[in-house]
Amino acid sequence: MQESSEQTDLMFPLLDDAQMARLAPFGEQRQVEAGEVLFEQGDVHRGVFIVLNGSIDLVGVSTDGETVLRTLGRGAFTGEVNHLSGRRTLVKCRAREASSLIEIGRANLQHMMQTDAALGEMFLSAFLLRRVYLISHSVGDALLVGSSHSGDTLRLREFLTRNGHPHAYLDVERDPDVQTVLDQFNIRVTDIPVLICRGQLVLRNPSNAEAAECFGFNAGIDENGIYDLIVVGAGPSGLAAAVYGASEGLNVLVVESGAPGGQAGSSSKIENYLGFPTGISGQDLTRRAFVQAEKFGARIAVARSARALKCLRSPYTVELDDGASAQGRSVIVAAGAQYRKLALPNLAQFEGVGVYYGATAIEAQVCRSEEVAIVGGGNSAGQAAVFLAAYARHVHILVRGAGLAETMSRYLISRIEASREITVRPRTEIEALEGDGHLERIRWRDTTAGTSDMHEIRHLFVMTGAEPNTAWLRGCLELDAKQFVRTGTDLLTGWPLRRVPHMLETSLPGVFAVGDIRAGSVKRVASAVGEGSMAVQFVHRVLAE
């Protein structure tokens with residue numbers, strides 16, 4: 001791994017004799033011979049190795065062969081964030097010479113990180129930096145062959161990126177070497193997008209769930225046991241609940257329909273979150289929370305949607321879209337909300353190929369040097385506009401109202417007003433979308449002037465009002481007129497227990513709702529995190545009843 005000496009020291013810190021002695025009780029000592037493979041790329045049952053004597057190699061594996069990424073000597077240790085989650089390893093490890101090692105399994109690794117703060121911080125920092133390296137250098141077991149004119153390509157790129165899974169990407173229109181890969185795996189251009197998993201399994205236009213299965217994203221999830229707490233949704237509120245629940249000793253399962261982060265995970269930059277004065281991207285914030293939850297032992301299942309909640313009695317059963325189910329003594333509903341879609345007959349035709357619901361680095365590259373339009377007047381729209389203005393030729397913000405003052409934070413409005421690359425168009429609505437295979441033109445109407453104009457714009461970002469993801473809860477929990485979940489003192493129907501409902505508790509005792517899905521919630525990341533952490537305190541009370 002060719003990085004600066006300072007970066008290398010942080011990624012591969014060396015343990016001293018005293019630190020290795022503290023680690024010894026957590027593992028087992030092993031003797032290995034030169035050339036012995038400690039784990040292959042894709043293994044799930046190996047722990048972290050610490051070198052007592054000798055040396056071992058970390059090896060990158062690709063279709064081009066094997067490359068030694070780093071040689072580890074005395075005091076060095078293997079591992080990255082996949083060792084916390086139980087997912088498959090992304091590299092191979094082989095003994096360079098006869099060596100003496102300590103192997104620490106996943107359960108003991110988590111126990112060590114929770115009980116020894118200094119060593120836990122050292123390991124976690126190294127793991128995170130190594131994952132950043134693997135992502136930036138596309139070191140791993142995934143190769144995506146796709147097209148910028150394919151909505152499913154964009155979907156898979158976003159899924160892998162937001163799950164923090166390193167992958168290489170080849171575009172059939174731009175990469176001169178793509179035909180070699182197509183020939184090697186007997187892939188036709190009509191099969192695009194294709195995901196090559198672990199260098200051997202070819203998935204033609206897989207679903208997110210199929211991709212998750214291939215890469216072992218959900219390894220170690222116990223579907224037969226009963227969890228203390230099931231959290232549905234891994235946005236900021238759900239991840240907060242997972243962190244606080246797991247850190248306080250609860251057996252926690254998180255079920256996420258897509259990738260960790262929710263709507264916040266697609267935010268280009270959050271500047272009003274406490275503790276980050278220069279801002280932080282939604283993806284970075286929620287990725288850190290994801291690793292934090294796994295550090296404390298929470299199980300997180302991705303690309304698995306909740307289909308129904310069986311609410312007859314505790315333990316409650318959450319039915320999943322793949323036919324499986326999970327049982328929990330308590331449930332926190334943190335499934336969030338989604339942007340309201342435009343009422344246009346051909347909208348679905350352009351989703352992923354000109355119409356987008358998030359503004360990340362992937363979308364920014366797709367629309368570089370072109371004009372873009374954003375529909376919406378909230379903070380998400382403002383953050384997207386400021387971010388995209390650094391890439392696009394010009395950004396148009398279309399709002400139905402008279403302006404942004406009532407719906408957007410002042411700091412964002414100031415940025416927008418100061419940018420020559422952004423134009424705010426009040427009292428403007430989209431009337432039509434046109435294009436052949438990809439969005440090519442947008443017609444919008446100025447409702448004040450009563451005029452409509454066609455514009456050659458190929459990229460439209462939709463960030464309008466939110467609709468709660470509560471269809472799977474109807475008939476089980478009390479919802480308000482807009483289908484948000486009622487909680488606490490806002491409950492209208494009969495409460496079945498003598499005690500009053502806890503704050504954030506739904507009409508079903510032991511089931512709580514937090515974040516954007518809850519009626520009356522403040523639509524901010526900070527408040528969502530606060531609700532997720534608060535709900536765990538009430539979960540403890542329910543479990544003690």
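In this text, all values refer to a predicted model and were calculated from it rather than measured experimentally.
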| request: Under the side-chain contact (heavy atoms from CB on, under 4.5 Å) rule, what do W472 and V333 come out as? Steps first, then yes or no, please. | output: CA-CA 11 Å; W472 61 286; V333 178; 3.9 Å; yes
| Could you go step by step and tell me if E40 and V61 meet the side-chain contact (heavy atoms from CB on, under 4.5 Å) rule? | CA-CA 9 Å; E40 296 279 3; V61 181; 5.9 Å; no
| said: Before you tell me yes or no, could you show the steps for Y169 and I362 under side-chain contact (heavy atoms from CB on, under 4.5 Å), namely the whole-Å CA-CA distance, both residues' side-chain angles and the distance that decides it to 0.1 Å? | reply: CA-CA 12 Å; Y169 173 64; I362 296 175; over 6 Å; no
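Closest approach of G377 and V399 over heavy atoms only: CA-CG1, 3.7 Å. When all heavy atoms of V485 and A513 are compared, the closest pair comes out as CG1-CB, 3.7 Å. The nearest pair of heavy atoms linking G261 to R162 is C-NH2, 3.7 Å. Scanning all heavy atoms of the two residues, the minimum distance from P236 to T286 falls at CG-CG2, 4.4 Å. Minimum interatomic distance between M113 and K295 (heavy atoms only, all atoms of both residues): O-CE, 3.9 Å. The nearest pair of heavy atoms linking N163 to G258 is ND2-O, 4.2 Å.
With sequence neighbours left out, the salt bridge (Lys or Arg N to Asp or Glu O under 4.0 Å) criterion links R204 to D191. Every residue two or more places apart in sequence or in another chain that forms a side chain to side chain contact (heavy atoms under 4.5 Å, CB included) with A324 is listed here: E223, R304, L320, D322.
Counting non-hydrogen atoms of neighbouring residues, nucleotides and ligands closer than 6.0 angstrom, the CD atom of E121 reaches no more than 12 such neighbours. Under a cut-off of 6.0 angstrom, the local environment of CD in E406 is sparse, with at most 12 non-hydrogen atoms contributed by other residues, nucleotides or ligands. Within a 6.0 Å radius of OH in Y244, other residues, nucleotides and ligands contribute 12 heavy atoms or fewer. Within 6.0 Å of CZ in R410 there are more than 12 heavy atoms belonging to other residues, nucleotides or ligands. Shown here is R400, whose CZ atom has no more than 12 heavy atoms of other residues, nucleotides or ligands within 6.0 Å.
To the nearest 0.5 Å, the span separating CG on L398 from CD1 on I374 amounts to 9.0 Å. The distance from the CZ atom of F159 to the CZ atom of F217 is 5.5 Å, given to the nearest 0.5 Å. Atom CD of E256 and atom OG of S305 lie 8.0 Å apart (nearest 0.5 Å). Here the straight-line distance linking atom NE2 of H394 with atom CZ of R420 works out to 12.0 Å at 0.5 Å rounding. Considering CZ of R415 and NZ of K269, their distance stands at 6.5 Å, rounded to 0.5 Å. Once rounded to the nearest 0.5 Å, the distance linking CD of E417 with CD1 of I413 reads 6.5 Å.
T71 and D57 are linked by a side-chain donor-acceptor pair at a separation below 3.5 angstrom, with hydrogens and angles left out of the test. Side-chain contact annotation: S150 with T153, donor-acceptor N/O pair under 3.5 Å present. In this model, a donor atom of one side chain and an acceptor atom of the other lie less than 3.5 Å apart for R155 and N205.
Without hydrogens or angle criteria, N469 side chain to A335 main chain gives a donor-acceptor distance under 3.5 Å. Under the 3.5 Å distance criterion, the side-chain polar atoms of N218 are left unmatched by any main-chain donor or acceptor of E213. Between the side chain of T464 and the backbone N or O of R340 there is at least one donor-acceptor pair closer than 3.5 Å. Checking side-chain atoms of T470 against main-chain N and O of L473 turns up no donor-acceptor pair under 3.5 Å. With E370 contributing its side chain and C367 its backbone, the two residues share no donor-acceptor pair below 3.5 Å. Looking at E294, its side chain never comes within 3.5 Å of a backbone N or O of I300 through a donor-acceptor pair. The backbone N or O of G60 lies less than 3.5 Å from no partner atom in the side chain of Q41, so there is not a single donor-acceptor pair. Proximity of a side-chain donor or acceptor of S136 to a complementary backbone N or O of Y133 within less than 3.5 Å is detected. With hydrogens and angles disregarded, a donor-acceptor distance shorter than 3.5 Å links the side chain of E531 to the backbone of G515. Judged purely by atom type and a 3.5 angstrom limit, S147 uses its side chain to pair as donor or acceptor with the backbone of H149.
For the side chain to side chain contact (heavy atoms under 4.5 Å, CB included) with V172, the lone residue among V178, V181, I187 that qualifies is V178. Of the candidates H167, H165, R88, H165 is the only one forming a side chain to side chain donor-acceptor pair (under 3.5 Å) with D141. Only one option out of S266, S281, S267, S268 pairs with Q383 in a side chain to side chain donor-acceptor pair (under 3.5 Å); it is S267.
Each salt bridge (charged side-chain N to carboxylate O under 4.0 Å, His left out) pair with one or both residues in residues 379-399, not counting sequence neighbours, appears once here: E371-R393. Every pair tested for salt bridge (charged side-chain N to carboxylate O under 4.0 Å, His left out) that includes a residue from residues 165-175 fails, sequence neighbours excluded, so the list is empty. For residues 154-218, every residue pair satisfying the disulfide (SG to SG under 2.5 Å) rule, not counting sequence neighbours, is listed here: C197-C214.
Taking a cutoff of 4.0 Å between a charged side-chain nitrogen and a carboxylate oxygen, R131 and E80 qualify as a salt bridge. A salt bridge between R94 and E66 is present, with a side-chain N of the basic residue lying under 4.0 Å from a carboxylate O of the acidic one. Electrostatic pairing of R458 and E440 does not count as a salt bridge here, judged by no charged N lying under 4.0 Å from a carboxylate O.
A 4.5 Å side-chain heavy-atom check between S148 and V366 finds every atom pair outside the cut-off. Using a 4.5 Å cut-off on side-chain heavy atoms (C-beta onward), T161 and T360 make no contact. Contact check for R368 versus Y391: side-chain heavy atoms found under the 4.5 Å cut-off. Contact of the V529 side chain with the Y273 side chain is registered, since non-hydrogen atoms from C-beta on lie closer than 4.5 Å. Within the 4.5 Å cutoff, side-chain heavy atoms of M454 are placed close to those of E434. Using a 4.5 Å cut-off on side-chain heavy atoms (C-beta onward), L124 and L84 make contact. The closest side-chain heavy-atom distance from L90 to V139 is not below 4.5 Å. Inter-residue side-chain proximity for H83 and T89 is flagged as met; some heavy-atom pair is nearer than 4.5 Å.
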Got a list of side-chain donor-acceptor pairs under 3.5 Å for residues 342-356, not counting sequence neighbours?
{"unit_1": "N346", "atom_1": "ND2", "unit_2": "L433", "atom_2": "O", "d": "2.8"}
{"unit_1": "E351", "atom_1": "OE2", "unit_2": "K341", "atom_2": "NZ", "d": "3.1"}
{"unit_1": "E351", "atom_1": "OE2", "unit_2": "Y357", "atom_2": "OH", "d": "2.6"}
{"unit_1": "Y356", "atom_1": "OH", "unit_2": "G354", "atom_2": "N", "d": "3.3"}
{"unit_1": "Y356", "atom_1": "OH", "unit_2": "H459", "atom_2": "ND1", "d": "2.9"}

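In this structure, R198 fails the cation-pi test against F215, since its NZ or CZ atom is not both closer than 6.0 Å to the six-membered ring centre and inside 45 degrees of the ring normal.
Taking the six-membered ring where the residue is Trp, F77 and F127 present perpendicular rings, their angle passing 60° and hence far from 30°.
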